[in-house]
K.L.:
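Structure provided below as structure tokens; questions to follow.
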Amino acid sequence: MNTSSGKKPRTNELADRIAGFDDPSMGDEREREVILRAYTFGSIVSTYVFFALGVIFAVIGGGMWTALIVLASGVSGMAVSAYCKRENVDFSLAMARVSPHRLLISYILGAVFAIAWVAAIVFHMTTGHPLIDVGLGSDLSGLTSSTSIAIGAAVGFAGAIVAMSISRSRKIKQARREIASAADIEDED
């Protein structure tokens, strides 16, 4: 480890304390594994709940402010990535190994939420009122062209899928090279 910069490497001590990893409530090894898997499941469910809230608020007139809710759903992913980075684990490489079936399901669910969210906002902007008016008081008519929002959302979504696919294929190739390299080292022994 290079310590010439004089900086102490960041650790996950605070994150571990917040998560309670060293807390007696984690129980024995088996209980700890179950609890950690439960936390993972809860995090994924929470992300989809944020997506659903974004769609619901867009339907009732939250307008573009719902983008904050949708963006907030990414916080858990950023936290996981940062934690892994501090532990010297290549999270993007791990994500490249996600099974194609699981990846397809997440893409489909993400697309459904994104389409519903954009459709609700476009409807609101086109008609000047939300699908279900609960009196939030957001008049979005005339702010911008609903066509440009729909096109921008579609291009952005397609671009994100292409970028994630390219990144995934690169990481898969990297993982295969690392496995082959490790196998070569084992053969030499």
Side-chain angles (χ1 to χ4, degrees), residues 10 12-21 36-87 89-96 98 102-168 171:
R10 293 178 61 186
N12 284 322
E13 184 180 334
L14 178 61
D16 289 348
R17 209 173 314 134
I18 290 169
F21 291 144
L36 291 174
R37 288 186 359 225
Y39 273 132
T40 301
F41 175 71
S43 174
I44 292 167
V45 168
S46 174
T47 299
Y48 287 118
V49 167
F50 269 107
F51 286 158
L53 281 174
V55 171
I56 289 168
F57 277 100
V59 165
I60 64 173
M64 293 305 289
W65 287 104
T66 59
L68 296 174
I69 297 171
V70 174
L71 291 173
S73 68
V75 170
S76 62
M78 290 185 304
V80 169
S81 180
Y83 189 98
C84 288
K85 185 176 183 177
R86 285 191 295 274
E87 295 290 331
V89 172
D90 189 347
F91 183 67
S92 60
L93 182 60
M95 291 288 77
V98 170
R102 181 174 164 221
L103 186 66
L104 180 64
I105 289 171
S106 68
Y107 280 173
I108 289 171
L109 285 172
V112 166
F113 280 118
I115 290 167
W117 180 65
V118 170
I121 290 174
V122 167
F123 179 85
H124 190 172
M125 296 180 92
T126 303
T127 64
H129 57 83
L131 286 164
I132 301 171
D133 194 353
V134 296
L136 290 179
S138 300
D139 183 16
L140 300 178
S141 62
L143 284 180
T144 185
S145 167
S146 58
T147 305
S148 65
I149 289 177
I151 291 170
V155 168
F157 185 72
I161 294 293
V162 168
M164 288 188 298
S165 298
I166 290 170
S167 174
R168 176 177 158 78
K171 288 295 184 176

K.L.:
Using the test side-chain hydrogen bond (donor to acceptor under 3.5 Å, both in side chains), find all partners of Arg102 that sit at least two apart in sequence or belong to another chain.
P.N.:
none
K.L.:
Does Ala72 have any side-chain contact (heavy atoms from CB on, under 4.5 Å) partners at least two apart in sequence or in another chain, and if so, which?
P.N.:
Phe50
K.L.:
Pair up each side-chain donor or acceptor in residues 110-122 with any protein partner under 3.5 Å, not counting sequence neighbours, and list the distances.
P.N.:
| from | atom 1 | to | atom 2 | distance (Å) |
| --- | --- | --- | --- | --- |
| Trp117 | NE1 | Thr66 | OG1 | 2.7 |

K.L.:
Going from CD1 on Ile132 to NE2 on His124, what distance comes out if it is rounded to the nearest 0.5 angstrom?
P.N.:
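The NE2 atom of His124 is 12.5 Å from CD1 of Ile132, to the nearest 0.5 Å.
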K.L.:
Minimum heavy-atom separation for Ile69 to Leu53, with atom names?
P.N.:
CG2-CB, 4.0 Å
K.L.:
Side-chain atoms of residues 80-87: list all donor-acceptor pairs with protein atoms under 3.5 Å, sequence neighbours left out, distances to 0.1 Å.
P.N.:
| from | atom 1 | to | atom 2 | distance (Å) |
| --- | --- | --- | --- | --- |
| Tyr83 | OH | Asp16 | OD1 | 2.4 |
| Arg86 | NE | Thr11 | O | 3.4 |
| Arg86 | NE | Asn12 | OD1 | 2.6 |
| Arg86 | NH2 | Asn12 | OD1 | 3.0 |
| Glu87 | OE2 | Asn12 | ND2 | 2.9 |

K.L.:
Could you list the residues that satisfy side-chain hydrogen bond (donor to acceptor under 3.5 Å, both in side chains) with Ser73, not counting sequence neighbours?
P.N.:
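Listed in chain order: nothing, the list is empty.
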K.L.:
Can you list every side chain to side chain donor-acceptor pair (under 3.5 Å) pair that touches residues 39-64, not counting sequence neighbours?
P.N.:
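For residues 39-64: Thr47-Ser76.
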